[in-house]
2 protein chains.
Amino acid sequence: MRWDTLEEEQCSLARTVAVIGDRWSLLILRECFLRVRRFEEFQSRLGITRHLLADRLKKFVRYGVLRRARYQESPARYEYILTQRGLDLYPVVMSIVHWGDTHMVDERGRPLLHQHKNCGKLFDPVMICSECGEPVHAKQVHTHPGPGAAKTAQASG
Amino acid sequence: MRWDTLEEEQCSLARTVAVIGDRWSLLILRECFLRVRRFEEFQSRLGITRHLLADRLKKFVRYGVLRRARYQESPARYEYILTQRGLDLYPVVMSIVHWGDTHMVDERGRPLLHQHKNCGKLFDPVMICSECGEPVHAKQVHTHPGPGAAKTAQASG
DNA sequence: ATTGACAGTTCTATTTTAGAACTATAGACG
DNA sequence: CGTCTATAGTTCTAAAATAGAACTGTCAAT
């Protein structure tokens with residue numbers, strides 16, 4: 001398997017991994033959700049090399065996760081803003097953060113707390129079933145091939 | 001930033017990314033949730049090089065995501081089984097799959113459908129607030145420094 | 001005695017990433 | 001006018017990670 005064919009796989013996980021499945025992409029995405037938008041700010045907060053940052057931002061724009069918006073004329077300056085497609089990655093980011101909060105914190109506790117504006121409380125994300133509303137756990141799920149499944153027996157998810 | 005210090009960052013996302021934040025790790029994890037447990041089966045399903053597979057499995061064992069269990073004596077043979085810590089990564093995997101199902105499918109549709117055994121229906125994962133039970137979206141969340149926050153202003157999530 | 005299954009390890013070539021320097025535009029400073 | 005700073009990149013070489021293939025060791029079956 002080559003990485004440039006990853007997005008062509010018959011697997012929604014593999015295709016998403018083609019977009020966000022490397023370390024810098026996920027860290028850049030974190031910054032996006034913390035309202036960072038500009039090249040210099042991404043670079044200085046993350047310590048990423050400018051080369052890679054430019055590459056990853058281009059990739060996100062290409063996949064429609066970010067859009068490049070001019071915020072100033074002469075000299076033209078651009079910032080990177082989450083699209084709806086990018087905002088839809090929020091559950092991915094939050095579930096990653098939540099696993100870290102649960103399993104990777106040190107004795108000092110969580111680095112960041114999340115407040116739900118709607119109810120005002122500090123919260124954790126919970127994954128529920130869209131149909132019955134109950135929390136879903138790995139062992140309660142059966143998978144079946146869907147319409148886009150590969151013909152041959154193949155890993156998909 | 002060097003990758004070996006990623007897990008020491010004051011950020012639950014960065015620490016989790018140290019565990020699962022590369023392409024092969026996420027694909028291996030997918031296979032784990034599809035009940036794959038053995039070296040040869042991971043290798044043949046994924047096409048990953050044996051070198052990297054051995055490396056990633058060791059890393060998962062080191063982080064407590066998988067445990068290496070002997071399933072046969074003479075010759076000793078081992079398989080890799082999700083721990084509770086590993087099972088807790090299910091929301092991460094499902095949210096990635098769901099984003100792919102929403103934004104990356106081709107005209108044939110989803111490769112895989114998910115059935116919730118409890119209610120019997122095909123479902124999508126939905127992220128809700130643990131406190132009020134309502135779906136949570138990016139723009140409805142405020143973040144605050146927690147007890148484990150770095151002293152200096154720093155990106156965390 | 002040979003083959004095959006299984007779970008790795010070891011080796012070299014290629015690709016990716018790190019780290020630093022460089023480019024370009026334009027306003028502010030003196 | 002000439003220099004400095006801010007911003008958003010691009011280009012270059014060195015180091016690290018990954019790809020791809022071959023090899024190791026144990027034991028059962030033929």
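Just so we're clear, the structure is a prediction, and the values are computed from it rather than from any experiment. Below, chains carry the letters A, B, ... as their sequence lines are ordered, and counting in each starts from 1.
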Tell me whether A/K121 at atom NZ has more than 12 heavy atoms from other residues, nucleotides or ligands lying less than 6.0 Å away.
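No, NZ of A/K121 has 12 or fewer neighbouring heavy atoms, counting only those of other groups under 6.0 Å.
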Would you give the length of the straight line joining atom OH of A/Y63 to atom CE of B/M104, rounded to the nearest 0.5 angstrom?
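Atom-to-atom, A/Y63:OH and B/M104:CE are 5.5 Å apart.
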To the nearest Å, how far apart are [X] [atom1] and [N] [atom2]?
X     : N      : atom1 : atom2 : result
A/I81 : D/dA8  : CD1   : C1'   : 16 Å
A/R23 : C/dT16 : CZ    : C1'   : 13 Å
B/L52 : C/dT16 : CG    : C1'   : 13 Å
A/Q43 : D/dA6  : CD    : P     : 14 Å
A/I48 : D/dG9  : CD1   : P     : 13 Å
A/D22 : D/dT18 : CG    : P     : 11 Å
B/I28 : D/dT18 : CD1   : P     : 11 Å
A/L53 : D/dG9  : CG    : C1'   : 10 Å

Any residue meeting side chain to side chain donor-acceptor pair (under 3.5 Å) with [X], in chain and number order, not counting sequence neighbours:
X      : value
B/Q43  : none
B/S95  : A/S95
B/D124 : B/R110
A/E134 : none

Summarise protein proximity over nucleotides 6-14 of chain C in one line of letters, 5' to 3': B for base, S for sugar-phosphate only, - for none, counting protein heavy atoms closer than 4.0 Å.
BBBBBB---
Heavy atoms from C-beta onward define the side chain here; which of C/dG19, C/dT17, D/dT18 lies closest to that of A/T49?
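Among C/dG19, C/dT17, D/dT18, the one nearest the side chain of A/T49 is C/dG19.
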Would you tabulate the side-chain donor-acceptor contacts of residues 137-144 of chain B under 3.5 Å, counting partners in other chains and residues two or more places apart, or write 'none'?
residue: B/Q140; atom: OE1; partner: B/H137; partner atom: N; Å: 3.0
residue: B/H144; atom: NE2; partner: A/Q115; partner atom: OE1; Å: 2.7

Which pairs would a plain distance check flag for residues 74-84 of chain B, meaning a side-chain donor or acceptor within less than 3.5 Å of a matching protein atom at least two apart in sequence or in another chain?
residue: B/Y78; atom: OH; partner: B/R70; partner atom: NH2; Å: 2.8
residue: B/E79; atom: OE1; partner: B/R38; partner atom: NE; Å: 3.1
residue: B/E79; atom: OE1; partner: B/R38; partner atom: NH2; Å: 3.4
residue: B/Y80; atom: OH; partner: B/R68; partner atom: NE; Å: 3.3
residue: B/T83; atom: OG1; partner: B/G64; partner atom: O; Å: 2.5
residue: B/T83; atom: OG1; partner: B/V65; partner atom: O; Å: 3.1
residue: B/T83; atom: OG1; partner: B/R85; partner atom: N; Å: 3.3
residue: B/T83; atom: OG1; partner: B/G86; partner atom: N; Å: 3.0
residue: B/Q84; atom: NE2; partner: B/D88; partner atom: OD1; Å: 2.9

Apply the hydrophobic cluster definition, ILVMFWY joined by side-chain contacts under 4.5 Å directly or through others, and give me every member besides A/L122.
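In the cluster with A/L122 are A/L113.
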Using a cut-off of strictly less than 4.0 Å, decide whether A/W24 has a side-chain nitrogen or oxygen near OP1 or OP2 of C/dA18.
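So the side-chain polar atoms of A/W24 do come within 4.0 Å of the phosphate oxygens OP1 or OP2 of C/dA18, strictly under.
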For a quick check of understanding: with a heavy-atom distance under 4.0 Å over all strands, which category does B/R56 fall into, base, sugar-phosphate or nothing?
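Sugar-phosphate, no base atom in range.
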Mind checking which stems touch DNA chain C? I mean at least 3 consecutive Watson-Crick or G-U pairs, both distances under 3.5 Å.
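For DNA chain C the paired stretches long enough to count as stems (3 pairs minimum) are C:1-30 with D:1-30.
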